[in-house]
Amino acid sequence: MKTVNLAPWLFCVFMLGCAVRLWLFPYPDSLAQYGVAVEQDWAFERWSGGKKTVYPLPLTTVEQRFANGFPGEIGRFSDGETVWVVRHIARPTRLLHPAADCYRGLGYQVSAPRVVRQASNIRWQCFIAERGRKLKLQVCERIFDDKHSQWTDVSAWYWESLFQPGPRQWWAVTQVTPAA
């Protein structure tokens, strides 16, 4: 008796279901299509801790090139010590990827990430990025939405967000500080 491997068929059915879901309930290209004002305060108090004055910085060349195709807005900010890259996201996208991937691509050695829990149950995924002996940075990142959900893993955010349509706003925040 011959056995049949159903895994390829189940995968095809799953992918077809994903395609139908996106066809029936497409995501907008911008939050403005949901009637959400995107020219807002960038939610400084949500990601900076609200303890210091935060001012905008220009995007780097790499960030600007990335922003051109990104479904949302990207801002770069500092308080003089910490630098934040904040992405305001209009729809689930594979263009959002872990900061560790960016740092590896820029030639840094990256430590294994660890989840750090702060007050009020705020979670960050953090790692140390080193280039040479002189440059050592602590990089922490998190994703949160306007419904008080949060993620430290980009892939987990993507899949959960993909299957929960509706008017939502997400912020992906990368925090970079000098490491000791």
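Because only heavy atoms are used, hydrogens play no part in the values below, and waters and symmetry mates are left out as well, while side chains stay in.
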Do Tyr55 and Ser78 come within less than 4.5 Å of each other through their side chains, counting heavy atoms only?
-> yes
Would you say the side chain of Ile143 lies within less than 4.5 Å of the side chain of Gln150, judging by non-hydrogen atoms?
-> no
Please state whether the rings of Phe144 and Trp171 are parallel, tilted or perpendicular, taking 30° and 60° as the class boundaries.
-> parallel
Euclidean distance, Glu63 CD relative to Thr174 OG1, rounded to 0.5 Å | 9.0 Å
Taking the six-membered ring of Phe70, is NZ or CZ of Arg87 closer than 6.0 Å to its centre and within 45° of its axis?
-> no
State, yes or no, whether a side-chain contact exists between Thr82 and Phe77 at a heavy-atom distance under 4.5 Å.
-> no
Do Thr61 and Gln64 have a side chain donor and acceptor closer than 3.5 Å?
-> no
Locate the shortest heavy-atom distance separating Gly69 from Leu95; write the atom from each residue and the value.
-> O-CD1, 3.1 Å
Mind running side-chain contact (heavy atoms from CB on, under 4.5 Å) on Val173 and Trp124 for me, showing each step along the way?
-> CA-CA 9 Å; Val173 179; Trp124 295 83; 3.9 Å; yes
Donor-acceptor under 3.5 Å (Gln138 side chain, Ala129 main chain) = no
Look at the side-chain heavy atoms of Ile, Leu, Val, Met, Phe, Trp and Tyr, link any pair under 4.5 Å apart, and say whether Val176 and Leu135 land in one connected group.
-> yes
Hey, are the side chains of Gln125 and Cys140 touching, using non-hydrogen atoms and a 4.5 Å cut-off?
-> no
Euclidean distance, Leu137 CG relative to Ile128 CD1, rounded to 0.5 Å | 8.5 Å
Is there side-chain contact between Trp151 and Tyr158, with at least one heavy-atom pair below 4.5 Å?
-> no
Would a hydrophobic clustering, with Ile, Leu, Val, Met, Phe, Trp and Tyr connected at side-chain separations under 4.5 Å, put Val154 with Val116?
-> no
Indicate yes or no: at least one non-hydrogen side-chain atom of Ser155 is less than 4.5 angstrom from one of Arg94.
-> yes
Val85 pairs by side chain to side chain contact (heavy atoms under 4.5 Å, CB included) with which of Arg76, Glu141, Gln175?
-> Arg76
Any side-chain heavy atom of Lys147 sitting closer than 4.5 Å to one from Arg168?
-> yes
With rounding to the nearest 0.5 Å, note down the distance linking CG in Asp145 to CD in Glu160.
-> 8.0 Å
Short question: side chain of Ser161, backbone of Trp157 - any donor-acceptor pair under 3.5 Å?
-> yes
Is the closest side-chain heavy-atom distance between Ile74 and Phe66 below 4.5 Å?
-> yes
Strictly by modelled atom types, are Arg131 and Gln109 linked by a side-chain donor-acceptor pair under 3.5 Å?
-> no
For the student: nearest non-hydrogen atoms of Ala172 and Ile89, plus distance = CB-CD1, 3.9 Å
If you measure from CH2 on Trp170 to OG on Ser149, what distance do you get to the nearest 0.5 Å?
-> 10.5 Å
Trp84 side, atom CH2; Leu57 side, atom CG - distance, nearest 0.5 Å | 10.0 Å
